[in-house]
Amino acid sequence: MDLPSFLWLWKIAAWSMGLALVAYCGLAFTGWALFRQNSPQVTLPAWWRSFHIILGLSLLFLVLALLAIGIVGTLGHYGSLGHSPHGVIGLVVVGLTFASGWAALQIRQGKAGARTLHLRINLLLGVAMLGVLFTGWLVVQKYLS
């Protein structure tokens with residue numbers, strides 16, 4: 001496939017990655033506020049936790065969309081997978097996103113240590129998202145050359 005046939009796919013990937021980063025930052029902000037809600041000085045609206053959950057589900061959907069775009073784009077261009085570290089880091093992001101959701105369910109069930117696990121997974125997820133952003137930029141540069 002030539003460059004113009006991939007342009008629509010890149011646009012979707014760019015928007016999805018941008019929205020995924022916005023969702024991650026929104027989750028960090030709303031999660032921090034929910035964590036602070038335990039103190040008497042912080043009172044959040046009733047919908048705040050629901051908004052945090054919606055953002056989390058949105059991030060999960062966006063990450064899965066990016067995975068699908070990566071698979072379709074790589075198979076369309078190369079005919080096989082595994083041509084850059086971007087795919088591996090992308091799979092790490094997908095795994096950490098699902099792990100974060102699983103840890104969130106453990107918090108909801110009142111499991112001890114689940115909140116700490118959720119926080120640690122999300123810190124790793126942030127680092128992995130920066131890695132996938134950087135390697136994604138390198139992949140785009142490779143396609144353009």
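Since we're looking at a predicted model, the values are computed, not measured.
Tracing side-chain contacts under 4.5 Å through hydrophobic residues (I, L, V, M, F, W, Y), one never reaches Val93 starting from Val127; they form parts of separate clusters. By the rule that hydrophobic residues join a cluster once side-chain heavy atoms approach within less than 4.5 Å of another member, Leu55 and Leu44 end up as members of one cluster. Follow the hydrophobic side-chain contacts under 4.5 Å out from Phe134 and you never reach Leu130; the two are in separate clusters. Residues Val92 and Leu119 do not share a hydrophobic cluster, defined by chaining ILVMFWY side chains whose heavy atoms lie under 4.5 Å apart. Clustering ILVMFWY residues whenever any of their side-chain heavy atoms sit less than 4.5 angstrom apart, transitively, puts Leu133 in the very cluster that holds Leu124.
Rounded to the nearest 0.5 angstrom, His52 NE2 and Leu27 CG are separated by 5.0 Å. Atoms OG and CD1, on Ser58 and Ile53 in that order, are 11.5 Å from each other to the nearest 0.5 Å. Distance CG/Leu21 to CE/Met129: 4.5 Å, rounded to 0.5 Å. To the nearest 0.5 angstrom, Phe98 atom CZ is 4.5 Å from Leu60 atom CG. In this structure, the separation between CH2 on Trp102 and CD1 on Ile107 is 10.5 Å, given to the nearest 0.5 Å. From Leu67, atom CG reaches atom CG of Leu62 across 12.5 Å, with rounding to the nearest 0.5 Å.
Counting non-hydrogen atoms of other residues, nucleotides and ligands closer than 6.0 Å to CH2 of Trp48 gives a total above 12.
The two residues Thr97 and Leu125 have their closest heavy-atom pair at OG1-CD1, 3.6 Å. Considering all non-hydrogen atoms of both residues, Ala103 and Ala114 come closest at O-CB, 4.0 Å. Taking both residues in full, the closest heavy atoms of Ser80 and Thr74 are given as O-CG2, 3.2 Å, listed atom of the first, atom of the second, then distance. Nearest approach of Ile121 to Ala99, heavy atoms of both residues: CD1-O, 3.8 Å. Listed here is the closest heavy atom pair of Ile89 and Gly131: CG2-C, 3.9 Å. Pairing each heavy atom of Val139 with each of His86, the nearest pair is CG2-CB, 3.7 Å.
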Inset, instruction - Assess whether side chain to side chain contact (heavy atoms under 4.5 Å, CB included) is satisfied between Gln106 and Leu117, documenting all intermediate values. - result: CA-CA 9 Å; Gln106 303 308 303; Leu117 178 62; 5.9 Å; no
Inset, instruction - Might you work through the side chain to side chain contact (heavy atoms under 4.5 Å, CB included) test for Leu81 and Leu75, ending with a clear yes or no? - result: CA-CA 6 Å; Leu81 299 173; Leu75 287 175; 4.0 Å; yes
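Counting heavy atoms from C-beta outward, Met17 and Val132 have side chains that approach closer than 4.5 Å. Side-chain contact check for Ile12 versus Ile69: some heavy-atom pair is nearer than 4.5 Å. Proximity of Val63 to Leu59: side-chain heavy atoms (C-beta onward) are separated by under 4.5 Å at one or more points. In this structure the side chain of Arg115 never reaches within 4.5 angstrom of the side chain of Arg120, judged on heavy atoms.
In this structure, the side chain of Tyr24 does not engage the main chain of Gly56 through any donor-acceptor pair within 3.5 Å. Side chain of Ser100 to main chain of Leu96: no donor-acceptor pair is present (N/O by atom type, distance under 3.5 Å, no hydrogens or angles).
In this structure, Phe29 and Trp32 have tilted ring planes: the angle between them lies in the 30° to 60° band.
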